[in-house]
Peer 1: 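Could you have a look at this structure, given as structure tokens, before my questions?
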Amino acid sequence: MGYDFGKIEKKWQKFWKENKTFKAENISDKPKYYVLDMFPYPSGAGLHVGHPLGYIASDIYARYKRHEGFNVLHPMGYDAYGLPAEQYAIQTGTHPEETTNKNIKRYREQLDKIGFSYDWDREVRTCDPHYYKWTQWTFIQLFNSWYNNKTNKAESIKKLIEHFETDGNKGIDAATDQIETFTANDWKNLSDKAQQEMLMHYRLAYLSDTMVNWCPALGTVLANDEVKDGFSERGGHPVEKKLMKQWSLRITAYAQRLLDGLETVDWSENVKEIQRNWIGRSEGASVNFKIKDHNELIEVFTTRPDTLFGATFMVLAPEHELVEQIVTDDRRDEVLEYITYAKNRSERDRMTEVKSITGEFTGAYGINPLNVEEIPIWIADYVLSGYGTGAIMAVPGHDSRDFAFAKHFDLPIIQVVSQKGEKPSDPKNWEESYDAKEGIMINSGFINGLEVKEAIAATIKEIEKKGIGYCKINYRLRDAIFSRQRYWGEPFPVYYKDGMPYTLDESELPLELPPVDKFLPTEAGDPPLARAKDWKTKEGYPLETNTMPGFAGSSGYYLRYMDPHNNKEYFSKLANEYWQDVDLYIGGDEHATGHLIYSRFWNKFLFDIGLACKDEPYKKMVNQGKIQGRSSFVYRVQGTNKFVSYNLRKQYQTQALHVDISLVDNDVLDVGAFKNSNPEYKNAQFILEDDKYICGHEVEKMSKSKMNVQNPDELIEKYGADTLRLYEMFLGPLEQDKPWDTKGIEGVFRFLRKLWRLYFDDNDQLIVTNDTPADDELKVLHKTIKKVRNDIERFSFNTGVSAFMICVNELSDLKCHKREILEPLAILISPYASHMAEELWTALGHDPGISEVEYPHFDEKYLAENTFSYPVSFNGKMRFKIDLPTDMPVAEIEKAAIEAEEAQKWTEGKTVRKIIVVPNRIINVVVQ
RNA sequence: GCUCGAGUGGUGGAAUUGGUAGACACGUUGGACUUAAAAUCCAAUGACCAUUGCGGUCGUGCGGGUUCAAGUCCCGCCUCGAGUACCA
């Protein structure tokens, strides 16, 4: 019978489930360790081999930590809201909940077969009212909070109202777009509604008219991170800009803290860098320009205030509010026409036509505040309304975009920075701008002769003194749009009175998702929830018809795992203080600008209001690479039904066609199966090489259309879960993208059977003896313990598997069947091949429960050597080896090396200049 | 364009701190066992040259450099991948 993985794996999966082996306790004397996988969306296609890669890695680590005596929290659940189930509902009428439950069930079955050590009692689903009650609850807290820049945290809106009542907004430094000041009297004279409108400018969850990414095909608004290159990430539909009343979260209030927090977490530099770019902090100055014959000011943001003397014109975004006021009558027609043109240009056009330069002169002039010169004001769509103030001072001499614009419209260019010792040249002859970050100021009044850095400081000082500007930090990060015009999401706990939104009382939560007749917008264009019957409060006020976006439910899920069945609160203080934060987070880096920013924000807010005890949610993160597919191809001779084998294809005009990888073994096509796979191929003919049809191959994304999807269930059926677990790890470094190739799995399967044979003979008889192990056997074991421990600690699971292979090869060669060696080995491999380890453990006479047994420690004394086989190099090239005692003095080693018989050949007729000896490493002889 | 990451045999990859390049595995070839198959085991396997044996030369994307010694460090390029894109 041999290694019967099917029987063994079923048995232990059942045992773990029935005994709740991996249940985590909230009260424990043990130290805690929290291992989390990124929240999966249960898609209809089920798992392919790429999905469990990270889960296997985290499972190995979690099991290792359990062996090390930690109380391990290793939960799993589902990010259950999402577009695919809803799109399916629109097409078929099936309720998304039904689809989602079905998919979750499938997902769970697949996960169970791999033998993960999850504590399933803690499972959460974002679409479960017991769960989303707390998502809604958090929204209410955000609505009732504002961000105090002075204390640098979120505070209660009640405190803000009290301040307004006594002092107006004087002395308030808040994250807000409210710039005008008002007094206590002003505040008191406002109507209820006007007061509510004012507060909207402060709330962390607020309703406003916002330029949004509207996706007509999906019928909803999308967040910036859900749009890629002007198309929706899900479905790839075109996206356009549209002004809509939407809920937003004031994540920009946290920009600096989100940036600073990155310094405190152990994440890959890659993801941290992506987040830094996404937050996009830039330091500079805000400067006010007067407008000739007008009272208004134009505020611009610049990172280079030192180049103010080089500003020869100004540019406003076409949407800028001052355009209509300042445009002169003789320019009005052209300017209005340009605004219309800019508005109608889709985001897509704008992106693809970056190089084309367009703009119009407004007829108005701004006044450079430092040299009082009049400079023309233009409008152009290369200035974005959404960044800074939507207006710039153009310094064509030292900014490539301004330069291109100036060249195109023949505007003046002045050089204000020059390199030390270099003569200024005439910008008229320049081919491109001189974007100098260093240099000496010229043509710049009082800052002439200063270094760029000094000039920036001096200019800011001067404009602050004159009251025309100030030092300013700008962020690229935008507030997060939080409304979706969809059905399958959390309803907002919000109702409207006099057109103003109010939150429901916490006692009314959860506000459950109502049934609707169709999952489509109403005829009036309102979101699907507007179809729900009696979608209003008891008092009859209408409820919000938007729903929350996908990232709402996934932002705080890791906190709910700490205390998932709590009906009174999000999670208890006790549970949170025990589990604190996630020690190890494993998942893809594709969430760098979405989930990983939003959940950090969410957590910081909960930290501010005293709920979460940690400011950062994920202490350490490892990003697993993607598993790519390995597609196979057949080559059809053009215009025929003839297929030519890979190496002969060049002799014909061919067309490469994807062929299902299940029809291909080791690049050889199963011709019969291929013929039967499609009626079109029924009568296909083949041009073979060596009587075989060889397929071509290519590494591509794993997808149905490329016919290269590898499903884990089939592999488990054939080889077992332990083989799959090991093979996924053996494939290569966890963090690296790598192609899936089923060929290699045989090697891992062979290894597990070889391991099995150390314990059992061909008749399934245990052959483990109680003999005392020899030194070389102990050495093999301890060498392996050292390597495997080290490899787990540094997440190098592929080399860990290699170490096991080497160990088993060596023990097999030694014919070692000794308990003192094989018992520790079973524990050592238990995080990897968990089912087999339990089986071996019980076969050795122990009670089940290897997962709690202490992980073996290595003893240096078994690794000690008496001799070392020195590689001897001549001028850096290894020539021969020589065995010498490990404690031999250097002088004697030199002598031994030189006098060795093989050395003569290399020293003959040459002078030995020098001998380098690194003890127990290398000998290098320098000859000439 | 900018930022980050990566380039090692036929393939996946190893070399953790500058110290034996190619561990481990796949694949391939040859052999043992077998009526046969599966399974298992043994041997060879970077390229080139020499093969009667000993061997030798080259080799980690390319070109330089530092060093007794470079896949690893420095400088300059090339290619691929990811992120971002008029961010002032």
Peer 1: Going through the distances and angles, do K472(A) and E283(A) end up as a salt bridge (Lys or Arg N to Asp or Glu O under 4.0 Å)?
Peer 2: CA-CA 6 Å; K472(A) 193 180 176 182; E283(A) 286 178 37; over 6 Å; no
Peer 1: Check whether any side-chain nitrogen or oxygen of K877(A) sits under 4.0 Å from OP1 or OP2 of rC58(B), and answer yes or no.
Peer 2: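 Affirmative; the distance criterion is met.
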Peer 1: Would you say R879(A) reaches rU57(B)'s phosphate, i.e. side-chain N/O to OP1/OP2 under 4.0 Å?
Peer 2: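 For R879(A), the contact criterion (side-chain N or O under 4.0 Å from OP1 or OP2 of rU57(B)) is met.
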Peer 1: Report yes if at least one side-chain N or O of R630(A) is closer than 4.0 Å to OP1 or OP2 of rC26(B); otherwise report no.
Peer 2: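 So the side-chain polar atoms of R630(A) never come under 4.0 Å of the phosphate oxygens OP1 or OP2 of rC26(B).
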Peer 1: Categorize D399(A) for me: base, sugar-phosphate, or nothing, with a 4.0 angstrom heavy-atom threshold over every strand shown.
Peer 2: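 No contact at all - D399(A) keeps every heavy atom at 4.0 Å or more from the nucleic acid.
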Peer 1: Under 4.0 Å between a side-chain N/O of S400(A) and OP1 or OP2 of rG1(B), yes or no?
Peer 2: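 So the side-chain polar atoms of S400(A) never come under 4.0 Å of the phosphate oxygens OP1 or OP2 of rG1(B).
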Peer 1: Quick test of your reading of the model: are E269(A) and R276(A) salt-bridged, counting only N-O distances below 4.0 Å?
Peer 2: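 A salt bridge links E269(A) with R276(A).
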Peer 1: Scan V926(A) against the nucleic acid and name what it touches under 4.0 Å (heavy atoms): base, sugar-phosphate only, or nothing.
Peer 2: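 Here V926(A) touches the backbone only, sparing every base.
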Peer 1: Using only modelled atom types and a 3.5 angstrom limit, is any donor from either the side chain of K754(A) or the base of rU40(B) paired with an acceptor on the other?
Peer 2: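 Side chain to base: no pair present.
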Peer 1: Only one of F751(A), F804(A), Y64(A) forms a ring-ring contact (aromatic ring centres under 6.0 Å, His included) with Y832(A), so which one is it?
Peer 2: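 The passing option is F804(A).
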Peer 1: Given the P atoms of rG22(B) and rA70(B), what is the spacing between them in whole Å?
Peer 2: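 Between the two P atoms, the distance is 16 Å.
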Peer 1: Which one, rU20(B), rC86(B), rA39(B), comes nearest to the side chain of L384(A)?
Peer 2: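 The answer is rC86(B).
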Peer 1: Need one value for W906(A): base, sugar-phosphate or nothing, where a base atom within 4.0 Å counts as base even if backbone is also close, heavy atoms only.
Peer 2: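 Sugar-phosphate, no base atom in range.
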Peer 1: Do K453(A) and E438(A) meet the salt-bridge criterion of a basic N to acidic O distance under 4.0 Å?
Peer 2: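 No.
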Peer 1: Could you measure between the two P atoms, the one in rU16(B) and the one in rU11(B), and give it in whole Å?
Peer 2: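 The same atom, P, in both gives a distance of 23 Å.
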Peer 1: Just by modelled atom types, is the L258(A) backbone N or O under 3.5 Å from a matching donor or acceptor in the R600(A) side chain?
Peer 2: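 Yes: the side chain of R600(A) pairs with the backbone of L258(A).
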Peer 1: Taking rU29(B) as the reference, what is the distance to rC80(B) when you measure between their P atoms (whole Å, please)?
Peer 2: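 Looking at atom P only, rC80(B) and rU29(B) are 35 Å apart.
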Peer 1: Could you check whether R476(A) gets within reach of a base, just the sugar-phosphate, or nothing at all, counting any heavy atom under 4.0 Å?
Peer 2: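 Result for R476(A) = base.
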Peer 1: Can you figure out which of rA69(B), rG56(B), rU20(B) approaches the side chain of N924(A) most closely?
Peer 2: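 Selected nucleotide: rA69(B).
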Peer 1: Only one of L724(A), D722(A), L726(A) passes side chain to side chain contact (heavy atoms under 4.5 Å, CB included) with V748(A); say which it is.
Peer 2: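 Only one option passes, and that is L726(A).
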Peer 1: Does N623(A) have a side-chain nitrogen or oxygen under 4.0 Å from the phosphate oxygens OP1 or OP2 of rA82(B)?
Peer 2: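 For rA82(B), OP1/OP2 do not have a side-chain N/O of N623(A) under 4.0 Å.
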Peer 1: Quote, to the nearest angstrom, the C1' distance that separates rG61(B) from rU79(B).
Peer 2: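 Those two atoms are separated by 7 Å.
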Peer 1: Where the side chain of R757(A) is defined as all heavy atoms beyond and including C-beta, which of rU40(B), rG12(B), rG19(B) is the nearest nucleotide?
Peer 2: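 Of rU40(B), rG12(B), rG19(B), rU40(B) is nearest to the side chain of R757(A).
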Peer 1: Over all strands shown, is I392(A) touching base, sugar-phosphate only, or nothing at heavy-atom distances under 4.0 angstrom?
Peer 2: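 The residue I392(A) makes base contact.
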Peer 1: Taking the six-membered ring of W740(A) as reference, does the NZ or CZ atom of R630(A) fall below 6.0 Å from its centre and within a 45° cone about the axis?
Peer 2: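 Verdict for W740(A): no cation-pi partner in R630(A).
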Peer 1: Of the nucleotides rG13(B), rG19(B), rA25(B), which has the atom closest to the P733(A) side chain?
Peer 2: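 Shortest atom-to-atom distance from the side chain points to rG13(B).
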Peer 1: V926(A) and V912(A): side-chain contact (heavy atoms from CB on, under 4.5 Å), yes or no, with the steps?
Peer 2: CA-CA 6 Å; V926(A) 186; V912(A) 174; over 6 Å; no
Peer 1: Measure from CZ on F301(A) to P on rA88(B) and round the result to the nearest Å.
Peer 2: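 It works out to 7 Å between those atoms.
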Peer 1: Under 4.0 Å: is that the gap between some side-chain N or O of R304(A) and OP1 or OP2 of rA88(B)?
Peer 2: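 Checking R304(A) against rA88(B): no side-chain N or O falls below 4.0 Å of OP1 or OP2.
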Peer 1: Can you check side-chain contact (heavy atoms from CB on, under 4.5 Å) on L715(A) and Y727(A), steps first, answer last?
Peer 2: CA-CA 11 Å; L715(A) 294 170; Y727(A) 185 56; over 6 Å; no
Peer 1: Between K706(A) and E698(A), does at least one N-O distance fall below 4.0 Å, as a salt bridge requires?
Peer 2: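 Salt bridge: no.
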Peer 1: Of all the choices, rC42(B), rA88(B), rU40(B), which nucleotide is nearest to the side chain of D813(A) once you look at every atom?
Peer 2: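 Taking heavy atoms from C-beta onward, the closest nucleotide is rC42(B).
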Peer 1: Using a heavy-atom distance cut-off of less than 4.0 Å, which residues of residues 784-794 of chain A contact RNA chain B?
Peer 2: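 The stretch gives K787(A), N790(A), R794(A) as the residues lying under 4.0 Å from the strand, ordered by number.
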Peer 1: Using a 4.0 Å heavy-atom cut-off across all strands, classify N798(A) as base, sugar-phosphate, or nothing.
Peer 2: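 Sugar-phosphate contact only.
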Peer 1: Applying a 3.5 angstrom cut-off to the pairing atoms, does RNA chain B sit in any stems of at least three consecutive Watson-Crick or G-U pairs? List them by first number.
Peer 2: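 Listed by first number, the stems are B:1-7 with B:78-84, B:10-12 with B:24-26, B:27-32 with B:40-45, B:46-49 with B:55-58, B:61-65 with B:73-77.
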Peer 1: Taking OP1 and OP2 of rA6(B), is either one under 4.0 Å from a side-chain nitrogen or oxygen of Q736(A)?
Peer 2: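 Checking Q736(A) against rA6(B): no side-chain N or O falls below 4.0 Å of OP1 or OP2.
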